[in-house]
Number of protein chains: 2
Amino acid sequence: MKIQESAENYLETILVLRQRIGNVRSIDIVNEMNFSKPSISYAMKQLRENGYILMDESGYITLTDKGMEIAERIYERHKVLTDYLISLGVDEDVAREDACRIEHVISPKSFEMIKKAYKESQNR
Amino acid sequence: MKIQESAENYLETILVLRQRIGNVRSIDIVNEMNFSKPSISYAMKQLRENGYILMDESGYITLTDKGMEIAERIYERHKVLTDYLISLGVDEDVAREDACRIEHVISPKSFEMIKKAYKESQNR
DNA sequence: GTCGCAAGTTAGTCACTTCTAACCTGGTGA
DNA sequence: TCACCAGGTTAGAAGTGACTAACTTGCGAC
């Protein structure tokens with residue numbers, strides 16, 4: 001199973017919520033992403049069955065190693081791309097939205113080059 | 001009807017093919033995009049019915065003003081993003097592929113800022 | 001003339017990602 | 001204790017964007 005863009009977003013959101021509120025349940029993801037409960041329920045089922053997350057009896061969600069790897073990759077892209085766009089003069093909100101879409105479609109190589117360019121611009 | 005990402009790609013391809021080979025038919029788009037004939041046939045029907053292209057009796061395709069506007073916008077993004085990524089050290093092939101995905105999801109504002117940054121880097 | 005091929009279309013299907021409607025379940029307050 | 005509510009699930013549907021199989025059509029070679 002190839003990981004899909006939507007799955008990347010869910011995993012990233014789980015990571016962000018874990019950092020922000022600690023224990024994460026499906027309903028927290030519902031509130032964060034503004035999707036319906038069934039959408040999240042279905043998505044979590046897919047992520048569970050494909051080994052990206054674990055859910056305990058109470059519904060608390062943790063990322064597996066496999067899930068964490070993806071979540072961290074996407075989240076790093078999110079942060080770097082957002083900061084980079086802001087540094088070019090883009091409004092924070094727009095920068096975040098664009099980062100959220102670009103993070104899923106950019107190649108590792110292009111991302112690394114943008115990251116490098118951004119870091120260098122910071123050191124000047 | 002909100003224009004979809006796939007429609008943007010078809011319109012851009014029509015513009016590129018027009019510049020490269022002159023008269024464009026569905027089969028030329030099939031060969032360029034590596035989609036099946038029915039996929040292109042169906043897509044052209046949608047574009048036709050929504051006023052983005054015209055087809056004459058022989059199947060030759062032209063962009064309407066509405067279609068041309070989109071095609072040119074996407075194509076400009078494609079060129080600028082590709083050149084920009086190349087200028088950061090990304091291989092041409094990868095740069096083109098990334099540009100082709102980013103061009104559909106980036107906001108006008110972020111694109112303009114990247115374009116500006118790229119132009120400025122060229123003048124140094 | 002007719003055979004065959006190139007171009008195009010129609011019909012049916014599938015995966016992905018979301019939705020609404022309706023239901024289940026377990027804990028808590030009165 | 002029991003009724004309700006928060007959290008979660010199942011079932012069915014919809015939109016997007018692709019596919020294969022099978023058909024039509026028109027033109028050119030022989």
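All of these numbers come straight from a predicted model, not from anything done at the bench. Residue numbering restarts at 1 for every chain, and letters A, B, ... go by the order of the sequence lines.
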N/O donor to acceptor pairs below 3.5 angstrom from side-chain atoms of residues 85-97 of chain A, sequence neighbours left out:
{"from": "Ser87(A)", "atom 1": "OG", "to": "Tyr84(A)", "atom 2": "O", "distance (Å)": "2.6"}
{"from": "Glu92(A)", "atom 1": "OE2", "to": "Arg96(A)", "atom 2": "NH2", "distance (Å)": "2.7"}

Just distance, no hydrogens or angles: give the donor-acceptor pairs under 3.5 Å from side chains in residues 10-21 of chain A, sequence neighbours left out.
{"from": "Thr13(A)", "atom 1": "OG1", "to": "Asn9(A)", "atom 2": "O", "distance (Å)": "2.8"}
{"from": "Arg20(A)", "atom 1": "NH1", "to": "Glu32(A)", "atom 2": "OE1", "distance (Å)": "2.9"}
{"from": "Arg20(A)", "atom 1": "NH2", "to": "Glu32(A)", "atom 2": "OE2", "distance (Å)": "3.3"}

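For Glu76(A), the salt bridge (Lys or Arg N to Asp or Glu O under 4.0 Å) partners at least two apart in sequence or on another chain are Lys115(A). Contacts of Arg73(A) classified as salt bridge (Lys or Arg N to Asp or Glu O under 4.0 Å), with partners at least two apart in sequence or in another chain: Glu8(A). Residues meeting the side chain to side chain donor-acceptor pair (under 3.5 Å) test with Ser36(B), sequence neighbours left out: Ser39(B). Arg77(A) is linked by a salt bridge (Lys or Arg N to Asp or Glu O under 4.0 Å) to nothing, counting only residues two or more places apart in sequence or in another chain. Under the salt bridge (Lys or Arg N to Asp or Glu O under 4.0 Å) criterion, Glu72(A) pairs with no residue, sequence neighbours left out.
Within the 4.5 Å cutoff, the side chain of Leu81(A) has no heavy atoms near those of the Asp98(A) side chain.
At a non-hydrogen distance threshold of 4.0 Å, Arg25(B), Ser26(B), Ile27(B) from residues 22-33 of chain B come into contact with DNA chain C.
OP1 or OP2 of dT9(C) lies within a sub-4.0 Å distance of a side-chain N or O belonging to Arg48(B). A sub-4.0 Å separation between OP1 or OP2 of dT9(C) and a side-chain N or O of Ser41(B) is present.
Residues Ser39(B) and Met44(A) each lie close to DNA chain D; by heavy-atom proximity, the contact nearer the 5' end of the strand is made by Met44(A).
Between Asn34(A) atom CG and dC19(C) atom C1' there is a gap of 14 Å when expressed in whole angstrom units. As a whole-Å value, the separation of Ile61(A) CD1 from dG7(D) C1' is 11 Å. As rounded to whole Å, 16 Å separates atom C1' of dT10(D) from atom CD1 of Ile40(A). Summarising the geometry, the separation between CD on Glu57(A) and C1' on dG8(D) is reported as 15 Å, rounded to the nearest angstrom. Note: CG (Asp56(B)) to P (dA7(C)) measures 15 Å, nearest angstrom.
Comparing the helix axis at one end of the helix from dG1(C)-dC30(D) to dA30(C)-dT1(D) with that at the other, each defined from 5 consecutive pairs, gives an inter-axis angle of 20° (nearest 10°).
Applying the side chain to side chain donor-acceptor pair (under 3.5 Å) test to residues at least two apart or on different chains, none of the pairs has a partner in residues 53-71 of chain A.
Put simply, Tyr42(B) and Leu47(B) are part of two different groups of oily side chains (I, L, V, M, F, W, Y) that touch within less than 4.5 Å, one to the next.
Without hydrogens or angle criteria, Asn31(B) side chain to Asp28(B) main chain gives no donor-acceptor distance under 3.5 Å.
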**Q.** Base versus backbone protein contacts along nucleotides 21-28 of chain D [heavy-atom cut-off under 4.0 Å; B, S, -]
**A.** B-------

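The shortest heavy-atom contact between Gln46(A) and Asn50(A) is O-ND2, 2.8 Å. Shortest non-hydrogen contact noted between Met44(A) and Ser26(A) is CG-OG, 3.7 Å.
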Dump every N/O contact between nucleotides 13-17 of chain D and the protein below 3.5 Å, one line per pair.
{"from": "dG17(D)", "atom 1": "OP1", "to": "Ser6(B)", "atom 2": "N", "distance (Å)": "3.4"}
{"from": "dG17(D)", "atom 1": "OP1", "to": "Ser6(B)", "atom 2": "OG", "distance (Å)": "3.2"}
{"from": "dG17(D)", "atom 1": "OP2", "to": "Ser6(B)", "atom 2": "OG", "distance (Å)": "3.1"}
{"from": "dG17(D)", "atom 1": "O5'", "to": "Ser6(B)", "atom 2": "OG", "distance (Å)": "3.3"}

